[in-house]
Amino acid sequence: MFEDLLITVKVNISAIRAIIKTNDRLRQISFGASALIKKEWNEDTELILGTLMQDIPKVIEWRVYDHCAVVTRLYAIYERFVEDLVSDWLVLLPGLFSRYSELEETIRNTYQIGVGRLLLDLRKNRYKHLSIEEVIRGLFHGATGETEYELLPDAFLFHEQNLRKEALEKMLTEAGIPNSWGWVEKHRAVKYFVQEIRGNENTAEGELNESISYRNDAAHGFPDDVLASNALLELCDFVETLCQALTELVTYKVIERKKSIGQVKEVGRITEWFKKHEAGIAKVEETTLLVGNSLFLVSEGSCCCYLATIKSIKMNDISVNETKTTTGMEVGLKFDVDAKKGLRLYQLQV
């Protein structure tokens with residue numbers, strides 16, 4: 001549903017991690033090579049390193065550059081992800097709410113105001129891809145009900161401030177996704193980061209604020225603090241974790257709506273989970289389960305909602321590729337991702 005957006009985030013952040021580690025190792029070789037490392041050098045190594053050292057920056061300047069590059073790039077990845085996530089959600093809404101009048105009033109009001117702002121700003125370069133007809137068409141069709149409507153994402157993406165907690169919540173709420181930060185704080189990956197990586201000495205909001213402050217200092221002046229490589233890697237982890245939590249939140253909102261209009265069906269619940277084997281037992285309803293098909297694993301209480309592909313099915317300890325189940329039946333399931341006891345299983349209805 002939104003997996004491609006999260007994959008893009010992970011690929012981009014993985015590249016940042018690789019650059020951080022590579023530059024850190026190069027600094028160790030260049031400025032702190034031990035006698036043991038030097039002993040292993042040969043003539044070719046000396047030649048390569050000699051060429052490298054000709055234009056090498058001072059260590060502090062190198063670290064400042066790494067710091068500024070990383071914090072700036074991470075914020076760009078995060079902001080682009082949020083805008084793309086909201087855009088994809090808005091594109092889906094006409095399929096979830098067949099009539100424009102069924103949309104929440106907050107969404108309709110935001111859209112009307114946003115269209116007005118777009119018309120005023122249409123001559124700006126950032127909106128050169130839009131025509132007057134494109135801007136007004138969706139609102140006109142929605143308001144008149146004469147034909148199928150669509151929502152123009154640009155009308156919802158106005159934000160003059162960095163996407164700290166308040167600005168993020170405002171954008172998501174106006175797009176019909178309220179209470180977003182409560183979900184973020186309770187998400188398992190965010191909780192793990194705050195508890196295990198930070199030792200509860202910071203909060204998710206504090207982490208986001210610090211990362212944005214680092215970015216602003218890097219963009220508008222000389223940074224007061226220059227993060228070491230390990231701290232930069234932890235910042236990468238946090239941004240990726242935050243994007244994962246937001247992805248699952250919006251996925252949950254889609255599943256919730258699809259369930260109410262009959263496009264998704266709850267087909268069971270995991271009653272036991274064996275972490276060592278990454279498999280479990282599910283008590284299921286009447287349905288058809290097939291190896292290779294996907295289910296959504298959902299828990300509003302623990303803020304989980306993600307897609308899982310069935311890798312194996314067992315009925316009475318016998319592996320099968322497909323099974324037609326009846327209500328109350330217990331089935332052994334193994335997925336391509338980790339799960340836990342209590343997660344509900346949702347299946348898209350074709």
Side-chain angles (χ1 to χ4, degrees), residues 1-11 13-14 81 85 88-89 92 183-184 186-193 195-196 237 240-259 262-350:
M1 195 172 293
F2 306 106
E3 292 82 6
D4 288 347
L5 296 180
L6 188 57
I7 288 172
T8 298
V9 166
K10 291 182 176 182
V11 169
I13 292 181
S14 178
F81 164 79
L85 183 65
D88 285 3
W89 156 258
L92 290 177
W183 176 285
V184 167
K186 292 191 293 183
H187 188 271
R188 63 199 179 282
V190 174
K191 288 174 65 176
Y192 176 85
F193 184 90
Q195 294 171 2
E196 301 299 325
D237 293 342
E240 186 174 313
T241 294
L242 176 59
C243 292
Q244 179 185 348
L246 292 172
T247 298
E248 293 189 28
L249 165 63
V250 183
T251 301
Y252 174 75
K253 296 296 291 184
V254 174
I255 295 300
E256 187 179 46
R257 177 58 184 172
K258 281 182 174 289
K259 181 182 177 182
Q263 293 182 7
V264 161
K265 178 185 177 183
E266 184 175 350
V267 295
R269 183 172 62 88
I270 298 175
T271 55
E272 293 183 71
W273 186 255
F274 310 107
K275 197 167 185 66
K276 181 178 179 181
H277 302 287
E278 295 185 343
I281 305 296
K283 192 171 185 178
V284 297
E285 303 293 326
E286 183 177 350
T287 189
T288 299
L289 299 174
L290 181 68
V291 171
N293 281 4
S294 297
L295 299 172
F296 285 94
L297 310 185
V298 180
S299 171
E300 181 181 9
S302 57
C303 299
C304 293
C305 186
Y306 53 94
L307 195 64
T309 300
I310 300 173
K311 292 184 67 177
S312 68
I313 302 171
K314 282 193 174 182
M315 300 292 297
N316 298 319
D317 293 326
I318 300 173
S319 295
V320 296
N321 287 325
E322 181 179 359
T323 182
K324 295 184 182 296
T325 63
T326 57
T327 300
M329 184 179 289
E330 290 190 332
V331 180
L333 294 173
K334 182 179 179 66
F335 300 111
D336 63 335
V337 293
D338 195 17
K340 66 177 183 177
K341 180 179 178 180
L343 292 182
R344 291 172 290 148
L345 311 178
Y346 283 86
Q347 189 176 57
L348 290 173
Q349 301 298 291
V350 180

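Source: prediction; values computed, not measured. Excluded from the calculations below are hydrogen atoms, water molecules and symmetry mates; all remaining heavy atoms, backbone and side chain alike, are included.
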Step-by-step side chain to side chain contact (heavy atoms under 4.5 Å, CB included) determination, Val190 to Thr241: CA-CA 6 Å; Val190 174; Thr241 294; 3.5 Å; yes
Closest contact, heavy atoms only, [X] versus [Y]:
{"X": "Asn321", "Y": "Ile313", "answer": "O-CD1, 4.0 Å"}
{"X": "Glu322", "Y": "Leu290", "answer": "CB-CD1, 3.5 Å"}
{"X": "Ala282", "Y": "Leu333", "answer": "CB-CD1, 3.9 Å"}
{"X": "Thr323", "Y": "Val320", "answer": "CB-CG2, 4.3 Å"}
{"X": "Ala339", "Y": "Ile270", "answer": "CB-CD1, 3.8 Å"}
{"X": "His277", "Y": "Lys334", "answer": "O-NZ, 2.8 Å"}

Stepwise side chain to side chain contact (heavy atoms under 4.5 Å, CB included) check, Phe274 with Ile281: CA-CA 9 Å; Phe274 310 107; Ile281 305 296; 4.1 Å; yes
List for me each residue that meets side-chain contact (heavy atoms from CB on, under 4.5 Å) alongside [X], sequence neighbours excluded, and say none if there are none.
{"X": "Glu285", "value": "Thr327"}
{"X": "Glu196", "value": "Tyr192"}
{"X": "Lys341", "value": "none"}

Trp89 side-chain N/O to Val250 backbone N/O, donor-acceptor pair under 3.5 Å: no
Qualifying side chain to side chain donor-acceptor pair (under 3.5 Å) pairs, either residue in residues 300-318, two or more places apart: Tyr252-Glu300, Ser294-Thr309, Ser299-Ser302, Ser302-Lys340
Taking side-chain hydrogen bond (donor to acceptor under 3.5 Å, both in side chains) as the definition, give me every residue that meets it alongside [X], ordered by chain and number, with sequence neighbours left out.
{"X": "Lys275", "result": "Asp338"}
{"X": "Thr287", "result": "Gln347"}
{"X": "Glu248", "result": "His187, Arg188, Gln244"}

CA sep, side-chain torsions, deciding dist, call: Phe335, Leu297, side chain to side chain contact (heavy atoms under 4.5 Å, CB included): CA-CA 10 Å; Phe335 300 111; Leu297 310 185; 4.1 Å; yes
Contacts of Trp273 that satisfy ring-ring contact (aromatic ring centres under 6.0 Å, His included) - sequence neighbours left out: none
By ring-ring contact (aromatic ring centres under 6.0 Å, His included) - contacts of Phe193 (at least two apart): Phe238
From [X] atom [atom1] to [Y] atom [atom2], the distance as rounded to the nearest 0.5 Å:
{"X": "Cys243", "Y": "Ile13", "atom1": "SG", "atom2": "CD1", "value": "6.0 Å"}
{"X": "Leu5", "Y": "Ile7", "atom1": "CG", "atom2": "CD1", "value": "9.5 Å"}
{"X": "Met315", "Y": "Lys324", "atom1": "CE", "atom2": "NZ", "value": "12.5 Å"}
{"X": "Ile255", "Y": "Glu266", "atom1": "CD1", "atom2": "CD", "value": "11.5 Å"}

Does any non-hydrogen side-chain atom of [Y] lie less than 4.5 Å from one of [X]?
{"X": "Tyr346", "Y": "Lys265", "answer": "no"}
{"X": "Gln263", "Y": "Leu348", "answer": "no"}
{"X": "Leu242", "Y": "Val184", "answer": "yes"}
{"X": "Thr325", "Y": "Thr288", "answer": "no"}

Qualifying residues under salt bridge (charged side-chain N to carboxylate O under 4.0 Å, His left out), relative to [X], sequence neighbours excluded:
{"X": "Asp237", "result": "Arg17"}
{"X": "Lys283", "result": "none"}
{"X": "Glu256", "result": "Lys253"}

Option passing side chain to side chain contact (heavy atoms under 4.5 Å, CB included) with Thr251 (candidates Val254, Leu249, Thr247): Thr247
Stepwise side chain to side chain contact (heavy atoms under 4.5 Å, CB included) test for Phe2 and Leu85: CA-CA 7 Å; Phe2 306 106; Leu85 183 65; 3.8 Å; yes
